[in-house]
Amino acid sequence: MALLARGTSPWFWATWILAIILAALAWRVSPWVWLAFLPVFAVGLLMLNFFRDPERTPGPGIVAPADGVVQSIDEWEDGRIRVAIFMDPLNVHVNRAPFDGTVRSVTHVDGAFVPAFDKDSDQNERVVWIFDTAAGELEVVQIAGAVARRIVPYLEAGGRVKKGERIGMIRLGSRVDTYLPPGVQPTVALRQKSVAGVTTLAEV
């Protein structure tokens with residue numbers, strides 16, 4: 001059963017309250033009000049889909065932190081490989097821990113708000129997570145996009161985390177990057193769909 005994600009936008013509640021008011025007015029005052037109700041109701045349904053938070057059973061190995069599509073796989077000079085996952089507005093936007101471990105740090109970094117699929121999105125506002133795990137140091141970066149203007153962390157530094165546990169959400173579409181430990185090779189391919197907490201990014 002799908003749940004409503006923590007950190008839902010205040011727009012969600014405002015939209016549904018407005019829809020209820022318009023429905024009452026249409027029923028009691030004038031049927032013409034249904035013309036205003038229908039688009040508001042449609043937006044409410046879209047938000048209900050966006051803020052859903054289904055239960056997940058963790059997959060094997062290091063798992064994807066986000067639903068979406070693998071946008072890029074890049075090797076860095078320090079030996080790590082970055083796997084970038086792009087989330088569109090129809091994806092579940094609750095992000096999950098890729099492996100069991102400890103949250104070493106959670107750092108908010110101010111930046112721009114260009115579209116998350118743009119190469120310049122590396123300078124966007126972000127939240128950087130560092131996890132100490134048995135597989136090595138794992139870095140997960142939640143990146144805001146042109147529409148996604150709010151990243152909502154669920155955890156704080158110093159706590160233990162289980163693979164697949166919810167760590168936060170990004171509102172309205174964006175990107176999540178995972179930096180695998182040196183020597184760990186990804187098992188996903190470009191344009192492959194991922195399911196947060198389920199899809200295996202790398203075997204360890």
Side-chain angles (χ1 to χ4, degrees), residues 4-15 43 46-47 49-53 62-78 80-99 101-132 137-159 161 164-180 186 188 190 193-197 199 201:
L4 197 63
R6 291 167 53 195
T8 54
S9 167
W11 308 324
F12 174 86
W13 303 110
T15 300
V43 171
L46 288 174
M47 287 191 176
N49 177 74
F50 174 82
F51 288 118
R52 69 195 188 280
D53 184 13
I62 296 173
V63 297
D67 285 22
V69 175
V70 177
Q71 180 185 40
S72 63
I73 301 173
D74 304 300
E75 186 170 357
W76 288 66
E77 292 182 358
D78 59 7
R80 297 183 301 166
I81 293 178
R82 181 184 70 175
V83 180
I85 296 173
F86 176 74
M87 301 181 294
D88 68 38
L90 297 181
N91 291 129
V92 173
H93 279 66
V94 174
N95 303 139
R96 295 172 180 263
F99 209 62
T102 301
V103 182
R104 186 199 305 171
S105 63
V106 184
T107 306
H108 177 267
V109 180
D110 290 331
F113 294 99
V114 302
F117 53 80
D118 191 289
K119 62 182 179 65
D120 292 329
S121 63
D122 286 337
Q123 304 303 315
N124 275 16
E125 183 160 331
R126 65 199 53 227
V127 170
V128 180
W129 299 77
I130 304 294
F131 300 98
D132 291 321
E137 178 186 287
L138 276 169
E139 180 178 342
V140 173
V141 184
Q142 296 173 293
I143 302 173
V147 178
R149 296 297 181 106
R150 181 71 191 276
I151 302 172
V152 184
Y154 292 167
L155 306 177
E156 297 180 352
V161 66
E165 182 178 345
R166 298 166 176 87
I167 63 171
M169 75 172 300
I170 313 176
R171 294 177 182 163
L172 302 177
S174 196
R175 199 179 92 203
V176 178
D177 294 350
T178 304
Y179 293 80
L180 300 173
V188 290
L190 287 175
K193 291 184 178 180
S194 66
V195 178
T199 302
L201 281 189

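Everything numeric here is computed off the predicted structure, so don't read it as measured data.
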Q) Rounded to the nearest 0.5 Å, how far apart are OG1 of Thr15 and CG of Leu46? A) 10.0 Å
Q: Please confirm whether Arg104 makes a cation-pi placement over Phe131, using NZ or CZ under 6.0 Å from the six-membered ring centre and within 45° of the ring normal.
A: no
Q: State, with a plain yes or no, whether a side-chain heavy atom of Ile62 is found less than 4.5 Å away from one of Leu180.
A: yes
Q) Charged N to carboxylate O under 4.0 angstrom, Asp67 versus Arg52? A) no
Q | Nearest atoms (heavy-atom pairs only) where Ala157 meets Ser105 | A | CB-CA, 3.9 Å
Q) Quick one: are Val70 and Val83 in side-chain contact, heavy atoms under 4.5 Å? A) yes
Q) Is it true that a side-chain atom of Arg96 and a backbone atom of Gly164 form a donor plus acceptor pair closer than 3.5 Å? A) yes
Q.
Measuring only between side-chain heavy atoms, which start at C-beta, is Glu139 closer than 4.5 Å to Val128?
A. yes
Q) Can you tell me how far the CG atom of Leu138 sits from the CZ atom of Phe99, to the nearest 0.5 Å? A) 8.0 Å
Q) Heavy-atom distance under 4.5 Å between the side chains of Phe51 and Met169, does that happen here? A) yes
Q: Would you indicate whether the side-chain heavy atoms of Val63 and Thr199 approach each other to under 4.5 Å?
A: no
**Q.** Considering all heavy atoms, the nearest Asp88-Asn91 contact
**A.** N-OD1, 2.8 Å
Q.
Ignoring hydrogens, what is the shortest heavy-atom contact between Ala64 and Val195? Give both atom names and the distance.
A. CB-O, 4.0 Å
Q: Starting from the C-alpha separation in whole Å, work towards a yes-or-no answer on side chain to side chain contact (heavy atoms under 4.5 Å, CB included) for Ile130 and Glu137.
A: CA-CA 7 Å; Ile130 304 294; Glu137 178 186 287; 3.8 Å; yes
Q) Any side-chain heavy atom of Pro98 sitting closer than 4.5 Å to one from Val140? A) yes
(Q) Quick check on side-chain contact (heavy atoms from CB on, under 4.5 Å): which of Val176, Thr178, Leu155 does Trp129 satisfy it with? (A) Leu155
Q | Smallest separation among heavy atoms of Met87 and Ile170, with atom names | A | CE-CD1, 3.8 Å
Q) Tell me, do Val109 and Val127 make a side-chain contact under 4.5 Å, heavy atoms counted? A) no
Q) Which residue, Ile85, Asp177, Val141, forms the side-chain contact (heavy atoms from CB on, under 4.5 Å) with Pro65? A) Ile85
Q.
On a heavy-atom basis, which atom in Ser194 and which in Val69 lie closest, and how many Å separate them?
A. OG-N, 4.5 Å
Q.
Between Arg80 and Asp74, is the salt bridge (charged side-chain N to carboxylate O under 4.0 Å, His left out) condition met? List the steps.
A. CA-CA 9 Å; Arg80 297 183 301 166; Asp74 304 300; over 6 Å; no
Q. Where do Met47 and Phe12 come nearest, in terms of heavy atoms and distance?
A. SD-CA, 3.5 Å
Q.
For the OH atom of Tyr179 and the CZ atom of Arg82, what is their distance to the nearest 0.5 Å?
A. 4.5 Å
Q.
Do Gln142 and Asn95 make a side-chain contact, defined as non-hydrogen atoms from C-beta onward lying under 4.5 Å apart?
A. yes
